[in-house]
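Chain identifiers are assigned alphabetically (A, B, ...) following the order of the sequence lines, protein sequences preceding nucleic acid strands; residue numbering begins at 1 within each chain. Because only heavy atoms are used, hydrogens play no part in the values below, and waters and symmetry mates are left out as well, while side chains stay in. Everything numeric here is computed off the predicted structure, so don't read it as measured data.
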2 protein chains.
Amino acid sequence: MVDVKSVANPLFLREEELRQAIEMLFFAYRDFTGGPDGMLAEIGLGRAHHRVIYFVGRNPGITVSELLKILRITKQSLSRVLSHLVEEEYITQTPGERDRRQRLLTLTVKGVELERRLTADQRERIADAFRKAGADAVQGFKLVLHGIIDAPDRDQFDVSGGPTHLPAARSGGKLVGSKIAGGKR
Amino acid sequence: MVDVKSVANPLFLREEELRQAIEMLFFAYRDFTGGPDGMLAEIGLGRAHHRVIYFVGRNPGITVSELLKILRITKQSLSRVLSHLVEEEYITQTPGERDRRQRLLTLTVKGVELERRLTADQRERIADAFRKAGADAVQGFKLVLHGIIDAPDRDQFDVSGGPTHLPAARSGGKLVGSKIAGGKR
DNA sequence: TTTTTACGTCAACCATGTTGACTTACTTTC
DNA sequence: GAAAGTAAGTCAACATGGTTGACGTAAAAA
């Protein structure tokens, strides 16, 4: 009974380690979304609104169908949330120039303000965790998360290890936060 | 326009890096839950059932109130899901021995079977990511996730870096996957 | 004996996801 | 120029899983 640790079956170790990861992911995500959820509730919005505001803020001028692909929900589902955000003037819709069927989505000043407040909470949490864990750990964190994400979407993330580089991701006014731009799905 | 990278404002770099982390967490969680969701749908269960089955499997004999604290939902919410799982014989309830008001929850054989199938999918995804990323990255991943989790819950996770040790976490038949055992909340 | 605790239940409501059918406007293709 | 395809929206019905509030029962603790 004493030597369990040293004699332990490596398969069991692995199982234990994987379960630990599963649980950490669960708790981390729960706490990660907890902050914004509170703020949103105060102004009568929900997590779904947050997601829309986030990705529109990240990709100004994004089309509805691009947004749908990122969120992986139906247009009817998005519609409820989006039209509310438009009514409340967090988001504006402008017809596409090249294709006038499109409604390009952009945050209003009010929308940017809210986005900033919501994301600040999450950024702070992540920044604290990064600071405590150190640069190497951050790199490992990204590498593992990268591997967890399904192939089509993970490619958008630079995980090469060097300092994060910038406008590459934004070049040509194309999408960030989604690999839709130029890629078939 | 050329030197943007090297002259870049470190605050902007930081912002970019943090947003990347936010998005990776979003996508990783989405894909991480996608597999089980599919299986569950086939047998008329949802993600909420999965969470209950997972934590009961992880903590055989857990009480209802302990489970509530892990899940952070109301008892009415849990009730719907839990009573369904009891009816369908995934979970059994037995009165506590020391305190007969308690209903101790345990997976049935059928429940264990389902839990195994659901978790296998997630374990595989994580294991693949771990394998691709390497041991150091795994350690960094855990360290950062640890920092993201709120103080009360994060303590249950051993993130010290050595090989995962085992029955410490299970000693005395107390809780795993929650720090409730013996701690005031 | 009284109070507190663990658990359960009924009822109403809300947020957010789904499917399916249909419309409108615009672009693309033959 | 007509036909087909695409972007977006709409209406309706439904499912899941969260919430609050009120109330009940049995057992433990004070």
Side-chain angles (χ1 to χ4, degrees), chain A residues 26 29-30 33-34 36-53 56 61-88 91-105 180 184-185, chain B residues 29-30 33-34 36-54 56 61-88 91-105 180 184-185:
Chain A
F26 170 75
Y29 197 78
R30 184 195 64 181
T33 51
D37 283 357
M39 297 184 222
L40 288 158
E42 287 172 19
I43 52 176
L45 300 180
R47 198 180 293 181
H49 301 91
H50 185 192
R51 291 198 278 256
V52 170
I53 287 179
V56 170
I62 192 176
T63 66
V64 171
S65 51
E66 284 166 342
L67 189 52
L68 285 175
K69 283 176 202 154
I70 293 179
L71 298 175
R72 291 215 194 142
I73 57 175
T74 59
K75 64 179 171 179
Q76 295 92 327
S77 219
L78 174 59
S79 165
R80 247 186 327 227
V81 171
L82 182 55
S83 44
H84 185 198
L85 289 173
V86 170
E87 271 166 29
E88 301 283 326
I91 288 181
T92 52
Q93 298 172 303
T94 56
E97 212 163 89
R98 213 197 58 210
D99 183 340
R100 284 181 353 239
R101 291 170 303 180
Q102 299 177 330
R103 263 80 158 175
L104 307 185
L105 307 174
I180 284 111
K184 70 203 61 182
R185 270 262 186 159
Chain B
Y29 198 77
R30 184 195 63 180
T33 51
D37 282 357
M39 296 185 222
L40 288 158
E42 288 172 19
I43 53 176
L45 301 180
R47 197 180 293 182
H49 300 92
H50 185 191
R51 291 198 279 255
V52 171
I53 287 180
Y54 182 87
V56 170
I62 191 175
T63 66
V64 170
S65 51
E66 284 165 343
L67 188 52
L68 285 175
K69 284 176 201 153
I70 293 180
L71 298 175
R72 291 213 194 142
I73 57 175
T74 60
K75 64 178 172 178
Q76 296 92 326
S77 222
L78 174 59
S79 165
R80 249 189 323 230
V81 172
L82 182 55
S83 43
H84 185 200
L85 290 172
V86 170
E87 271 166 30
E88 300 284 324
I91 288 180
T92 52
Q93 298 172 302
T94 56
E97 213 163 88
R98 214 196 57 209
D99 183 339
R100 285 182 352 240
R101 291 170 304 179
Q102 299 177 329
R103 264 80 158 174
L104 307 185
L105 307 175
I180 283 111
K184 71 203 59 177
R185 272 258 187 164

Item to complete: Could you check how far CD1 of B/Ile73 sits from P of C/dC7, rounded to whole Å?
Response: 14 Å
Item to complete: Remember a base hit wins even if backbone is also touched, and classify B/His49 as base, sugar-phosphate or nothing at under 4.0 Å, heavy atoms.
Response: sugar-phosphate
Worksheet item: D/dT16 P sits how many Å from A/Arg47 CZ, rounded?
Response: 20 Å
Worksheet item: Is any side-chain nitrogen or oxygen of A/Arg98 closer than 4.0 Å to OP1 or OP2 of C/dT28?
Response: no
Discussion item. Could you tell me how far apart B/Asp99 (CG) and D/dA26 (P) are, to the nearest whole angstrom?
Written reply: 15 Å
Worksheet item: For A/Val81 and B/Thr63, take the nucleotide of DNA chain C holding the closest heavy atom to each; which residue's nucleotide lies nearer the 5' end?
Response: B/Thr63
Practice prompt. Measure from CG on B/Leu85 to C1' on D/dT16 and round the result to the nearest Å.
Written response: 14 Å
Worksheet item: Separation of A/Glu87 atom CD from D/dG9 atom C1', in whole Å?
Response: 14 Å
Worksheet item: Under 4.0 Å between a side-chain N/O of A/Ser65 and OP1 or OP2 of D/dA8, yes or no?
Response: yes
Worksheet entry | Sugar-phosphate, base or nothing in reach of B/Ser83, heavy atoms under 4.0 Å | nothing
Fill in: Nucleotide nearest A/Arg101 (side chain, heavy atoms from C-beta), chosen from C/dA25, C/dG17, D/dG17
C/dA25
Practice prompt. Apply the side-chain contact (heavy atoms from CB on, under 4.5 Å) test between A/Leu105 and each candidate in A/Val52, A/Leu82, A/Thr94; give the one that qualifies.
Written response: A/Leu82
Fill in: Closest-nucleotide ordering on DNA chain D, the 5'-leading residue of A/Gln102 and B/Ala48
A/Gln102
Item to complete: Would you please confirm or rule out a distance under 4.0 Å between OP1 or OP2 of D/dA8 and any side-chain N or O of A/Ser79?
Response: no
Discussion item. For a quick test of reading the model: is some side-chain N or O of A/Thr74 closer than 4.0 Å to OP1 or OP2 of C/dT18?
Written reply: yes
Practice prompt. Among C/dA6, D/dG18, D/dA22, find the nucleotide with the atom closest to the side chain of B/Gln76.
Written response: D/dA22
Worksheet item: Is there a side-chain contact between B/His49 and B/Leu85 (heavy atoms, below 4.5 Å)?
Response: yes
Fill in: Separation of atom CG in A/Leu78 from atom P in D/dC11, rounded to whole Å
16 Å
Worksheet item: Atom CG of B/Asp37 to atom C1' of C/dT16: distance rounded to whole Å?
Response: 14 Å
Practice prompt. Please examine the side chains of B/Arg47 and B/Arg51, heavy atoms only from C-beta on, and report whether any two atoms are closer than 4.5 Å.
Written response: yes
Practice prompt. For A/Phe26 and B/Ile70, work out which heavy atoms get closest and say how close.
Written response: CE2-O, 4.3 Å
Discussion item. Checking the side chain of A/Ser79 only, and the main-chain atoms of A/Lys75 only, is there a donor and an acceptor separated by less than 3.5 Å?
Written reply: no
Practice prompt. Looking at every strand, decide which applies to B/Arg80 at a 4.0 Å heavy-atom threshold: base, sugar-phosphate, or nothing.
Written response: base
Worksheet item: Roughly how many Å is it from NZ in A/Lys75 to C1' in C/dT19, rounded to a whole number?
Response: 12 Å
